[in-house]
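What follows is a set of notes on a single structure, which appears directly below.
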Amino acid sequence: MAEYDPQVIESKWQKVWERQKAFEADADPDREKYYVLEMLPYPSGTLHMGHMRNYTIGDTVARYRRMRGYNVVHPMGWDAFGLPAENAAIQRGIHPRDWTLGNVAEFKKVCYRFGFSYDWRREIASCDPEYYRWNQWIFLRMFERDLAYRKKSRVNWCPKCATVLANEQVVNGCCWRHEDTPVEARDLDQWFFRITRYAEELLTGLDAIAGGWPERVVTMQRNWIGKSRGARVRFDVAELSGKSIEVFTTRIDTIFGASAIVLAPSHPLIAELLAGSPSRAEAEAQLGRMRQTSVKAEDVATAEKIGFPTGRHAVNPFSGEKIPIWVANFVLMDYGTGAIMAVPAHDERDFEFCTKYKLNIPIVIQPSDGPPLTPGNQKKAFPEHGKLVNSGPYSGLASEVALARMSADAEKGKFGRGETTFRLRDWGISRQRYWGTPIPVIYCEKDGVVPVPDDQLPVRLPEKVAITGMGQSPLAGVPEFVNTKCPKCGGPARRETDTMDTFVDSSWYYLRYLDPHNEQKPFDPAKARYWFPVDQYIGGIVHAILHLLYARFFTKVLRDLGHVSADEPFTRLFCQGLVLKGGTAMSKSKGNVVVAMDMAVKYGADTGRLYTLFAAPPEKDMEWSEQSVEGCSRFLNRLFRLVERYAPIVRSHAASAGELGGASEKEKALLRKTHQTLRRVTYDFESRWHFNSAIAIVMELVNEIHAQEPLTEGARPAVAKEVLELTTLMVAPMAPHLAEELWEMLGHAGGLARASWPQYREEFAAEEEVEIVIQVNGRVRARIVVQAGLSQDDLVASGKAEPRVAEELKGKAIVKIIVVPDKLVNLVVR
RNA sequence: GCGGAAGUGGCGGAAUUGGCAGACGCGCAGGACUUAGGAUCCUGUGGCCGAGAGGCCGUGGGGGUUCAACUCCCUCCUUCCGCACCA
């Protein structure tokens with residue numbers, strides 16, 4: 001008897017699939033397409049089972065869809081630019097490209113070993129000039145439309161490294177390499193994508209995809225875009241005629257309670273306000289300190305509120321009241337107008353600030369129910385809507401009414417207007433790094449900023465670069481790269497030395513897959529018309545905001561450029577859970593990884609795949625358990641032995657399905673179980689991807705075939721064939737190598753990579769007999785087996801006849817009878 | 001602080017969406033086969049009471065709706081995740 005040897009079987013079928021080109025798919029207007037995609041991986045060193053979960057889910061879905069007859073495109077590629085490659089270069093003196101390509105080769109080997117059904121002809125790597133030239137091309141198109149622009153922006157700067165740090169390289173406000181050196185803020189000229197132009201559409205577009213995306217992701221995106229309606233109001237500066245300050249507020253109804261105007265430390269008007277102010281010297285010293293603080297969000301959020309008065313005043317346009325103008329660290333320059341009106345009684349932050357600096361706290365909103373606020377009893381801000389008081393002509397109005405009326409009045413008085421703002425900011429794409437896409441721009445003394453002409457693309461990354469992690473952008477140290485000619489005047493010019501954020505690479509790669517070798521365009525719109533959008537996208541929740549938002553943005557830009565017609569790139573999104581070991585996510589740095597290749601060598605890829613699907617529903621985190629892996633291995637072994645045992649019977653007979661009639665009771669029971677299993681597995685695959693329960697029920701089926709041995713004595717080949725073939729097909733998307741082997745054992749030539757998913761048959765699945773639970777007052781008192789479809793009256797009668805039930809009914813009156821057909825009878829007695 | 005998700009045996013989890021709680025797997029216990037088994041097969045396995053038939057309790061806590069609640073409503077607790085001075 002042959003043993004189940006996954007090493008032999010898996011390698012055998014991987015070669016067959018390759019020879020058959022089983023997973024290559026091309027546009028075919030006559031067939032319905034299905035584009036399933038796992039998020040572009042960063043090819044880091046060793047692949048562990050945390051990675052494999054993502055691909056296993058995607059592959060299972062891809063294989064299932066193929067069996068359902070779809071024309072499935074399932075590509076794979078590499079997010080090959082990025083900081084880790086540069087770190088490797090610094091630490092080991094290896095070129096980032098060599099390090100990256102080495103990892104890619106390793107990654108690919110593991111994907112192959114796990115039998116993932118990718119169309120490898122479509123493979124791309126973002127560090128390939130044939131890929132990133134199109135990043136540059138898209139950048140230029142965006143530049144032409146003012147969607148790419150340059151402005152000064154604040155970055156983290158380590159004075160010891162003399163370089164810019166990414167946010168994640170800032171640890172506790174200090175450089176990750178120099179933990180005693182506080183990070184400084186610096187302003188550099190940087191490139192931005194004007195994603196805010198699409199803010200409204202990125203928000204409304206969520207409604208269209210909401211049904212196909214996890215709700216939490218939609219919510220996170222919505223919050224990130226952060227639309228808020230309010231008003232912009234102008235306050236004149238009392239001491240400087242003709243000067244004014246605009247604030248943004250969502251609560252114009254509280255404006256009579258404003259006790260100060262507060263500016264962000266980098267507000268442009270500060271210099272003018274301070275010129276000639278009595279408190280100038282002290283104020284400038286404070287300002288200097290404030291401007292040094294870190295850029296990191298957490299640090300900003302937890303910092304204590306500090307501020308100082310400018311000595312100037314603003315005039316409240318509604319009340320005519322003069323209030324002081326302050327500067328404080330908690331006001332953000334890049335949200336709203338960079339200035340706020342502080343209404344301490346009705347805003348928590350303002351309350352904290354004004355309490356600290358002993359500013360007035362006038363109450364202008366009273367709760368619509370509950371005790372009224374008084375200066376004596378107010379311990380914290382009251383930020384809710386309510387009824388206006390001390391608000392001149394608006395006193396007595398409800399907030400909701402006042403908001404609209406005061407906004408309209410501000411507009412009439414020409415000192416304000418209704419306005420909508422977004423929390424979303426433009427996307428800064430400049431990185432002072434080597435291993436990324438060069439930004440295709442040239443600076444000429446005469447012509448200024450000059451885009452690189454299309455026919456000079458790609459702007460290639462130079463090979464020989466000193467990467468030290470110190471100093472400015474590495475490319476600035478390569479004179480052959482920097483020094484060039486101005487495309488306009490031909491005079492001497494220098495190239496931009498920053499590279500693009502790697503999120504640019506992953507913002508449109510799903511379109512390049514559709515036409516990966518096109519040398520004329522990023523992709524052929526005709527091909528995109530067939531394949532795009534992605535039907536099912538699969539990846540980690542970590543990318544819920546940025547990557548997905550950027551990809552949506554790019555899709556809209558490319559649509560407006562006329563390259564695609566879809567509004568959204570991903571119709572459905574699935575976020576798989578993490579793989580934990582010892583309670584924390586598997587990661588190399590934590591040292592708790594289960595190496596994917598080790599898994600394949602010890603148990604085989606099919607066992608690894610099956611366990612990943614079996615241990616938990618795919619959207620939930622799962623804890624890795626080696627012992628449970630053994631369980632899956634045992635199951636596949638059992639299945640192998642089962643088919644091996646009966647395969648000769650099946651093969652000896654060229655059975656046709658028509659011979660299933662007239663089966664014995666035992667055979668009928670088995671056919672029933674098989675078709676019920678198929679019904680349930682199909683349901684799990686179609687609806688919610690609960691592969692764990694699909695596998696469980698197939699295990700039950702296999703157990704039943706084993707236990708009852710209905711096929712041994714005088715077994716009917718037609719029944720054996722039906723049962724074993726369906727079982728094999730059901731596990732095929734999950735354990736594809738073994739399924740192929742079983743399929744061959746059962747007498748099929750040519751493999752099942754393109755076999756059809758079977759249709760369950762109701763006439764086999766239907767139960768002839770059902771177990772009915774008989775309850776008295778909701779408690780189970782008996783179970784009876786009856787013919788299916790029995791009438792309610794018959795069920796009640798049979799139930800009452802049960803001795804245990806009769807006993808309970810003795811001396812009591814039945815007040816209500818509930819019958820659930822084929823399931824349950826509940827007799828309510830008193 | 002705001003937003004989201006989740007709490008079921010010793011463990012991972014199931015319950016086709018209001019109808020038998022604990023499927024399936026792991027672990028554990030007992031047995032069979034074996035020179036041997038960490039292979040394979042069989043049996044048992046939520047808690048308490050009982051020799052047994054059987055009974056009672058049980059899905060984070062408390063309350064409610066219902067003939068019937070892991071499932072729906074209210075409330076509290078715990079854990080995880082995301083955002084975080086957004087005016």
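Quick caveat: nothing in here was measured; it's all calculated off a predicted structure. Lettering follows sequence order; numbering is per chain, from 1.
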Rounded to the nearest Å, what distance is computed from the [atom1] atom of residue [X] to the [atom2] atom of nucleotide [N]?
{"X": "A/I545", "N": "B/G4", "atom1": "CD1", "atom2": "P", "answer": "14 Å"}
{"X": "A/Y683", "N": "B/A15", "atom1": "OH", "atom2": "C1'", "answer": "12 Å"}
{"X": "A/F422", "N": "B/A87", "atom1": "CZ", "atom2": "P", "answer": "12 Å"}
{"X": "A/W624", "N": "B/C26", "atom1": "CH2", "atom2": "C1'", "answer": "14 Å"}
{"X": "A/M220", "N": "B/A84", "atom1": "CE", "atom2": "P", "answer": "10 Å"}
{"X": "A/K620", "N": "B/U79", "atom1": "NZ", "atom2": "P", "answer": "18 Å"}
{"X": "A/E352", "N": "B/G1", "atom1": "CD", "atom2": "P", "answer": "14 Å"}

Quick one: is [N] close enough that its OP1 or OP2 comes under 4.0 Å of any side-chain N or O from [X]?
{"X": "A/N692", "N": "B/A14", "answer": "yes"}
{"X": "A/R680", "N": "B/A15", "answer": "yes"}
{"X": "A/N223", "N": "B/C86", "answer": "no"}
{"X": "A/R638", "N": "B/C24", "answer": "no"}
{"X": "A/R641", "N": "B/C41", "answer": "yes"}
{"X": "A/R634", "N": "B/G27", "answer": "yes"}
{"X": "A/R781", "N": "B/G55", "answer": "yes"}
{"X": "A/R423", "N": "B/A87", "answer": "no"}

If you check the [X] side chain, which of [options] turns out closest?
{"X": "A/A615", "options": "B/A87, B/A14, B/G12", "result": "B/G12"}
{"X": "A/R688", "options": "B/G25, B/U17, B/C85", "result": "B/U17"}
{"X": "A/S693", "options": "B/A87, B/A15, B/C26", "result": "B/A15"}
{"X": "A/V820", "options": "B/A87, B/A84, B/G19", "result": "B/G19"}
{"X": "A/K823", "options": "B/A87, B/G19, B/G82", "result": "B/G19"}

Could you tell me whether B/G54 is syn or anti, where syn means a glycosidic angle within 90 degrees of zero?
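Here B/G54 takes the anti form, which means its glycosidic angle is more than 90° from 0.
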Have a look at B/U16 and give me syn or anti from its glycosidic angle (syn if within 90° of zero).
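Glycosidic conformation of B/U16: anti.
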For [N], what is the paired nucleotide under Watson-Crick or G-U wobble rules, both distances under 3.5 Å?
{"N": "B/A36", "result": "none"}
{"N": "B/C48", "result": "B/G55"}
{"N": "B/A29", "result": "B/U43"}
{"N": "B/G7", "result": "B/C77"}
{"N": "B/C2", "result": "B/G82"}

Less than 4.5 Å apart, side chain to side chain, heavy atoms only: is that true for [X] and [Y]?
{"X": "A/P618", "Y": "A/F691", "value": "yes"}
{"X": "A/E762", "Y": "A/F764", "value": "no"}
{"X": "A/Q576", "Y": "A/F574", "value": "yes"}
{"X": "A/N826", "Y": "A/V819", "value": "no"}
{"X": "A/P733", "Y": "A/W757", "value": "yes"}

Indicate, with a heavy-atom threshold strictly under 4.0 Å, whether A/V331 touches base, sugar-phosphate, or nothing.
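Base, at least one base heavy atom under 4.0 Å.
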